[in-house]
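Only this structure's heavy atoms are used, side chains among them; waters, hydrogens and symmetry mates stay out. This one's a predicted model, so the numbers in the text were calculated from it and none came from an experiment.
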Amino acid sequence: MELDAHCVRLLSSLQNCCFSNTSLPSQHETCIVAEEAANGMEDIVVKEALNELRNRSGFLNKLVILLINKALTEYLVQIVGVPFEGFKEFWENQNVGNDIEAKVTVLITYDFKIKKVRIIAHADKLVIPSTPLANVAIFGLPRESASVKDSNWVAVRADLEMRMPKGVSEIILCDPHGNVYEGTTSNFCAILVDPNNPAKYIVKTAPLDCVLTGTVLKIVEYCCVNQLGIEFRYEFPTLNELKMGLW
């Protein structure tokens, strides 16, 4: 389920981005939102090169899965010396633990130097939190293109992470009105007591059109609604609620 959701989001980002190397005085190409792409900023050669990926979701999914398998294969060989094909048997016969958990990044871009589309998958060690609690800092404005994971957001996030205070594991984005949006790498939910019934709880998270929806958020919503009977709202948590002790 999670992989399918990631592939859908990847396709959506690809369809809603414009690749141009003329918009910024930089050696790196950039990703621009779809409204600008509609104004003709994307070269016809780039459009034709990306056309098949943008319009054939099954084709993109197959490529992504193949690359993820290759990235994980090389990762497992480096970490435990076992190829991907033989890992299931190795897992069943060894006390592996969490040391081999991996995070996978998939990047799709148009390389203006070689004039070709590039799809890259990278697997790296997933760092497991050492405590169930996390320290967060609230600063930074919401993302400009909430539904798209683009290269511009990667640059903005890197700047925020450089300013992250010591001991903080996540930055929560907030607008000037005190509406809380999301983390730089995660969605954010607040648990509040129902004002109409102190024995009940409400879970609030930012509206879907204002953040990049994660697969874990969908799981949280499912558990609240279908297993715990907790009301789940796509409604901004606010700093005023936090100051009033309502979270």
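- L63 and I120 fall into different hydrophobic clusters, where Ile, Leu, Val, Met, Phe, Trp and Tyr side chains are chained together by heavy-atom contacts under 4.5 Å.
- Here F59 pairs with nothing under the ring-ring contact (aromatic ring centres under 6.0 Å, His included) rule; sequence neighbours left out.
- Of all heavy-atom pairs spanning P195 and I202, the tightest one is CD-CD1, 4.2 Å.
- Scanning both residues, V117 and A49, for their nearest heavy atoms gives CG2-O, 3.6 Å.
- Sorted by first then second residue, the salt bridge (Lys or Arg N to Asp or Glu O under 4.0 Å) pairs that include residues 69-81, not counting sequence neighbours, are K70-E74.
- N61 places no side-chain N or O within donor-acceptor distance of the main-chain N or O of D4, the cut-off being under 3.5 Å.
- With sequence neighbours excluded, the residues forming a side-chain hydrogen bond (donor to acceptor under 3.5 Å, both in side chains) with E231 are R233, listed by chain and number.
- Among pairs with a residue in residues 192-213, those fulfilling salt bridge (Lys or Arg N to Asp or Glu O under 4.0 Å) read K204-E235, K204-E241, at least two apart in sequence or across chains.
- Note that CD1 of I68 and OG1 of T73 are 11.5 Å apart. Values are rounded to the nearest 0.5 Å.
- The list of ring-ring contact (aromatic ring centres under 6.0 Å, His included) pairs with a residue in residues 156-182, not counting sequence neighbours, reads Y181-F236.
- When all heavy atoms of P237 and A206 are compared, the closest pair comes out as CD-N, 4.0 Å.
- Between atom CD1 of residue I108 and atom CG of residue L50 there is a gap of 8.5 Å, rounded to the nearest 0.5 Å.
- Atom OG1 of T238 and atom NZ of K243 lie 9.5 Å apart (nearest 0.5 Å).
- Residue pairs satisfying the salt bridge (Lys or Arg N to Asp or Glu O under 4.0 Å) criterion with at least one member in residues 163-172, sequence neighbours excluded, are listed as follows: D159-R163.
- Counting only residues at least two apart or on different chains, the salt bridge (Lys or Arg N to Asp or Glu O under 4.0 Å) pairs with a member in residues 178-188 are R143-E182.
- A distance of 13.0 Å separates CZ in R54 from CD in E52, rounded to the nearest 0.5 Å.
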(request) Show your working on side chain to side chain contact (heavy atoms under 4.5 Å, CB included) between N187 and V211 and close with a plain yes or no. (result) CA-CA 8 Å; N187 289 113; V211 297; 4.0 Å; yes
(message) Before you tell me yes or no, could you show the steps for D111 and K116 under salt bridge (charged side-chain N to carboxylate O under 4.0 Å, His left out), namely the whole-Å CA-CA distance, both residues' side-chain angles and the distance that decides it to 0.1 Å?
(response) CA-CA 5 Å; D111 192 322; K116 288 183 179 180; over 6 Å; no
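- The distance from the CD1 atom of I171 to the OG atom of S186 is 10.5 Å, given to the nearest 0.5 Å.
- Identified under the ring-ring contact (aromatic ring centres under 6.0 Å, His included) test for residues 130-152, with sequence neighbours left out: none.
- The hydrophobic clustering, which links ILVMFWY residues whose side-chain heavy atoms are closer than 4.5 Å, places V168 and M162 apart.
- Across all non-hydrogen atoms, the minimal contact from P165 to A137 is CD-CB, 4.1 Å.
- Here V203 is tied into one hydrophobic group with I191, V193, Y201, L208, V216, L217, V220, V225, L228, I230, F232, Y234, each link being a pair of ILVMFWY side chains closer than 4.5 Å.
- For the atom pair Q227 CD and Y222 OH, the distance stands at 5.5 Å (nearest 0.5 Å).
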(message) Does H122 form a side chain to side chain contact (heavy atoms under 4.5 Å, CB included) with Y75? I'd like the steps, not just the answer.
(response) CA-CA 9 Å; H122 174 73; Y75 171 79; over 6 Å; no
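- Exactly one of V46, V45, D43 qualifies for a side-chain contact (heavy atoms from CB on, under 4.5 Å) with F112. That residue is V46.
- For N55 (side chain) and N51 (main-chain N/O), a donor-acceptor pair under 3.5 Å exists by modelled atom type.
- Looking at I119 and L53, their side chains come closer than 4.5 Å, going by heavy atoms from C-beta outward.
- Both V106 and I65 sit in one connected hydrophobic cluster of ILVMFWY residues. Membership requires side-chain heavy atoms under 4.5 Å apart, directly or through other members.
- Judged purely by atom type and a 3.5 angstrom limit, S169 uses its side chain to pair as donor or acceptor with the backbone of N135.
- Grouped by direct or indirect side-chain proximity (heavy atoms under 4.5 Å, Ile/Leu/Val/Met/Phe/Trp/Tyr only), V8 sits alone.
- Contact annotation: the side chain of L173 never approaches that of L141 to less than 4.5 Å [non-hydrogen atoms, C-beta and beyond].
- As a member of the Ile/Leu/Val/Met/Phe/Trp/Tyr network built from side-chain separations under 4.5 Å, I114 groups with nothing else and remains a singleton.
- Other residues sharing a hydrophobic cluster with L246 under the 4.5 Å side-chain heavy-atom criterion for ILVMFWY residues are V136, I138, I172, V180, F188, L192, L239, L242, M244, W247.
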